[in-house]
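Working notes, structure below.
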Amino acid sequence: MAQVNSALVCPERLWHQGRLMSEAVRVRFAPSPTGLLHIGGARTALFNWLYARAKGGSFILRIEDTDAARNTPEAVAIIFDGLRWLGLDWDEGPMPDGSTRGERGPYFQSQRGEIYHRYIGRLLEEGKAYEEDGAVKFRTPKTPCTVPDLICGEVSFDRTMDPDLVIRRKNGAPVFHLVNVVDDLEMGVTHVIRGEDHLSNTPKHLALFEAFGATPPHYAHIPLILNANGSKMSKRDEGASIGEYMTGGYLPSAVRNYLCLLGWSPKDNREILPIEEVVAKFDLPQIKRSNARFDLNKLFWVNGEYWKGLSDGDYLTFARQLMADHGQHLTGTDPEYVDKALRLIREKIKIGRDVPEWMAPFLTEAFPYDEAAVTKVLKTQGARERLEAIRQALAGLPDWTAESCERAIQALAGSLGVKTAALVHPCRLGVSGQPVGPSLYHMLEVMGRERVLARLDRTLAHTEWFGT
RNA sequence: GACCCUAUGGUCUAGCGGUUAGGACACCUCCCUUUCACGGAGGUAGCCCGGGUUCGAUUCCCGGUAGGGUCGCCA
């Protein structure tokens, strides 16, 4: 099958061999504004960006907005936001502020109509395309072809039975294959790094480049990202949109790190790597050729690793933002108290979306009680007496620190002849409504004596919980 | 259906003609502990199947199977 018969090799291959190694790398990410940034698209963007940064080349953003119905400023903004969130800066293309960078624009396909029609006209003039039923069809070469792919190797296609390709619809609109090739040609793209779903389309693209008498770019088809069950990840699937990670409290560096690990590996058994190191090590030939399933568990773990590495200041800033996003407005609340509480719950948190949940008991006196815990801890023999004893011990403390609280409760356990746990659990439930949480004694210290005693009193007031 | 790509524990991967097949996530056990986590120490689990080539295949070749992709006047 894999003949190396020169007669079967596209002339395009010769151009590759003639390219200079010093040629400046130009890669592009060409999303269509669908209203979300797909995780697979984000990975494609990431790999293009990595390659550009690794080779000192340019990363171009081109918006494939030929489908007018989906072409809204909001949809384009979602692409901008997603790329910027991931830290993937582009050297050419439309910028979020409305300006444009780069000399090879316009970078919106919707503004490039004249260019496409000029190329179609050329094909028509040279007899390489013809009109049929109002559409324009490109005469595809009926010869075998080998696609030289930087990741997949030499991939051969028959092409002898390929039908001619519509390049301009009856309604006058040029099709994807045509515009994609023309844009890559006009923008001087040197490496097309895209999903493997385009591998089978590449012979058509090569034919178009040849018809234009142009040098085709190098191709690198990267494996696809599949769902956990191995099916194709579509827009509708859970976790398919970058937006979900942005609002879910994931750290962008963590998502980016995880995405790097899908199809690429540093080969030294490390999982957590600064992006600079990935850039330094990244290259196309070492990319895996098989598809990968998206593993939310692992992303969660990676996120936890990054979470731990956050500086105190960054953590507080991030956490406050998450609380605000969650509707926890802190006006009127002592900012120092909030910061202390945030620092205390940090150890409980692996992902941003947990911040509001763990913070809730600190922020409201009307906190709900965990019913199962109430039944288990408070509706038991002697619970009321123990809780009252705790209140009394805490009320009489000369000073209020985690250490003094701990000493008091342990001393009480000793005098009552019960395990410390028999006091800790009711106390935790009494001041937070929760069976779990951060270190109890530190929580008491942060909450302060006044708040703690008031909460214990309110808990004690629920007489229906305590057998009399 | 045709064509193309792929195939290491459940998942992501390293490796590779001769290895006790390495790491990570997840899972299980134990330790730590006021809870849940974290952390620490262990553990279960893998080279898709069948033929070749070879002294020797997880590794190379062929076939099968499975998964994915492409076959639009979608992008």
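In what follows, chains carry the letters A, B, and so on, assigned in the order in which the sequence lines appear, proteins first and then strands, with residues in each chain numbered from 1. Both backbone and side-chain heavy atoms feed into the values below; hydrogens, waters and symmetry mates do not.
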Using purine N1 to pyrimidine N3 plus N6-O4 or O6-N4 for Watson-Crick, or N1-O2 and O6-N3 for G-U wobble, each under 3.5 Å, what pairs with rA21(B)? none

Picking from rC73(B), rU13(B), rC4(B), the nucleotide nearest the side-chain atoms of Val175(A) would be rC73(B)

For a quick check of understanding: with a heavy-atom distance under 4.0 Å over all strands, which category does Asp162(A) fall into, base, sugar-phosphate or nothing? nothing

Please state how far atom CZ in Arg386(A) lies from atom P in rU34(B), giving the value in whole angstrom units. 17 Å

What's Thr420(A) touching, base or sugar-phosphate or nothing? Going by heavy atoms closer than 4.0 Å. nothing

Which listed nucleotide (rA75(B), rG39(B), rC5(B)) is nearest to the side chain of Lys308(A)? rG39(B)

Which nucleotide in the set rA14(B), rC4(B), rU34(B) lies at the smallest distance from any side-chain heavy atom of Tyr441(A)? rU34(B)

Strand partner of rU70(B), provided both Watson-Crick or wobble distances fall under 3.5 Å: rA2(B)

Of the nucleotides rA75(B), rC12(B), rC5(B), which one has an atom closest to the side chain of His198(A)? rA75(B)

Phosphate oxygens OP1/OP2 of rC4(B): is one of them under 4.0 Å from a side-chain N or O of Ser156(A)? no

Of the listed nucleotides rA26(B), rC73(B), rA75(B), the one nearest the side chain of His177(A): rA75(B)

Test log, rule ring-ring contact (aromatic ring centres under 6.0 Å, His included), inputs Phe29(A) and Phe47(A): CA-CA 9 Å; Phe29(A) 176 52; Phe47(A) 279 20; over 10 Å; no

Under the side chain to side chain donor-acceptor pair (under 3.5 Å) rule, what do Tyr369(A) and Thr459(A) come out as? Steps first, then yes or no, please. CA-CA 9 Å; Tyr369(A) 288 83; Thr459(A) 301; 2.7 Å; yes

If you measure from the C1' atom in rG39(B) to the same atom in rU33(B), how many Å do you get, rounded? 11 Å

Work out how far the P atom of rG18(B) is from that of rC38(B), and round it to whole angstrom. 39 Å

Going by purine N1 to pyrimidine N3 plus the second Watson-Crick contact, or the G-U wobble pair, all under 3.5 Å, which nucleotide sits opposite rU35(B)? none

Does Lys267(A) reach a base, just sugar-phosphate, or nothing at all? Heavy atoms under 4.0 Å. sugar-phosphate

Under the rule for side-chain hydrogen bond (donor to acceptor under 3.5 Å, both in side chains), what residues qualify as partners of Asn269(A), not counting sequence neighbours? none

Heavy atoms only: give me the nearest Pro361(A)-Gln434(A) pair and the separation to one decimal. CG-CG, 4.4 Å

Pairing partner (Watson-Crick or G-U wobble, both distances under 3.5 angstrom) of rA75(B): none

Could you go over nucleotides 41-48 of chain B and give all protein N or O partners under 3.5 Å, atom names and distances?
none

Using the P atom as the point on both nucleotides, what is the distance between rA57(B) and rG52(B), in whole Å? 11 Å

Answer with base, sugar-phosphate or nothing: what part of the nucleic acid does Ala292(A) contact at a heavy-atom distance below 4.0 Å? sugar-phosphate

Between Leu440(A) and Leu261(A), whichever has its closest RNA chain B nucleotide further toward 5' is Leu261(A)

Asn48(A) side chain to Ile193(A) main-chain N or O, any donor-acceptor pair under 3.5 Å? yes

Are Asp312(A) and Arg343(A) close enough for a salt bridge, meaning some N to O gap below 4.0 Å? yes

Strictly below 4.0 Å, N to O, side chains only: are Arg104(A) and Asp183(A) in salt-bridge contact? no

I want to verify a distance call: between rU34(B), rG69(B), rC4(B), whose nearest atom is closest to the Lys232(A) side chain? rG69(B)

For Arg458(A), what residues pass the salt bridge (Lys or Arg N to Asp or Glu O under 4.0 Å) criterion, not counting sequence neighbours? Glu365(A)

Could you check whether Pro438(A) gets within reach of a base, just the sugar-phosphate, or nothing at all, counting any heavy atom under 4.0 Å? base

Salt bridge (Lys or Arg N to Asp or Glu O under 4.0 Å) contacts in which one or both residues fall within residues 263-276 of chain A, not counting sequence neighbours: Asp268(A)-Arg270(A), Asp268(A)-Lys281(A), Arg270(A)-Glu277(A), Glu271(A)-Lys298(A)

With a 4.0 Å cut-off on heavy atoms, is Gly437(A) in touch with a base, just the backbone sugar-phosphate, or nothing at all? base

Please tabulate the protein-to-nucleotide N/O contacts below 3.5 Å involving nucleotides 19-24 of chain B, giving atom names and distances.
unit_1	atom_1	unit_2	atom_2	d
rG22(B)	N2	Asn269(A)	OD1	3.0
rG23(B)	O4'	Asn269(A)	ND2	3.3
rG23(B)	O2'	Asn269(A)	O	3.1
rG23(B)	N2	Glu271(A)	OE2	3.4
rA24(B)	O4'	Glu271(A)	OE2	3.2
rA24(B)	O2'	Lys298(A)	NZ	3.4
rA24(B)	N3	Lys298(A)	NZ	3.2

Give one of base, sugar-phosphate or nothing for Gly263(A), where a contact means two heavy atoms less than 4.0 Å apart. sugar-phosphate

Looking only at atom P, what distance separates rG51(B) and rU58(B), rounded to whole Å? 12 Å

Between rC49(B) and rU13(B), how far apart are the C1' atoms? Round to whole Å, please. 23 Å

If you check the Val155(A) side chain, which of rC4(B), rC73(B), rG68(B) turns out closest? rC4(B)

Counting only Watson-Crick or G-U wobble pairs whose two distances fall under 3.5 Å, which nucleotide matches rU53(B)? none

Quantified in whole Å, what is the C1' atom distance between nucleotide rG46(B) and nucleotide rG22(B)? 12 Å

Work out how far the P atom of rA26(B) is from that of rU11(B), and round it to whole angstrom. 16 Å

Base, sugar-phosphate or nothing for Leu224(A)? Non-hydrogen atoms, less than 4.0 Å. sugar-phosphate

Rounding to the closest angstrom, what is the interatomic distance between rG10(B) and rG63(B) at atom P? 27 Å

Whole-Å distance, Arg293(A) CZ to rA66(B) P, equals 15 Å

Is there a ring-ring contact (aromatic ring centres under 6.0 Å, His included) between Trp301(A) and Tyr258(A)? Walk through the geometry before answering. CA-CA 9 Å; Trp301(A) 172 79; Tyr258(A) 174 71; 9.9 Å; no

Check if the side chain of Ser439(A) and the base of rU35(B) share a donor-acceptor pair of N or O atoms closer than 3.5 Å. no

Which of these nucleotides, rG10(B), rC71(B), rG69(B), is closest to any side-chain atom of Asp295(A)? rG10(B)

May I ask which nucleotide in the shown strands pairs with rU58(B), Watson-Crick or G-U wobble, both distances under 3.5 Å? none

Using purine N1 to pyrimidine N3 plus N6-O4 or O6-N4 for Watson-Crick, or N1-O2 and O6-N3 for G-U wobble, each under 3.5 Å, what pairs with rU29(B)? rA41(B)

Sorted by chain and number, sequence neighbours left out, ring-ring contact (aromatic ring centres under 6.0 Å, His included) with Tyr116(A) holds for none

Looking at Lys128(A) and Ala211(A), would you say the former's side chain and the latter's main chain have a donor-acceptor pair under 3.5 Å? yes

Between Arg26(A) and Glu92(A), does at least one N-O distance fall below 4.0 Å, as a salt bridge requires? yes

Within the 4.0 Å heavy-atom criterion, would you say Ser200(A) contacts the bases, only the backbone, or no part of the nucleic acid? base

Using a 4.0 Å heavy-atom cut-off across all strands, classify Asp158(A) as base, sugar-phosphate, or nothing. nothing

Taking a pair as Watson-Crick or G-U wobble with both distances under 3.5 Å, which nucleotide is matched to rU65(B)? rA7(B)

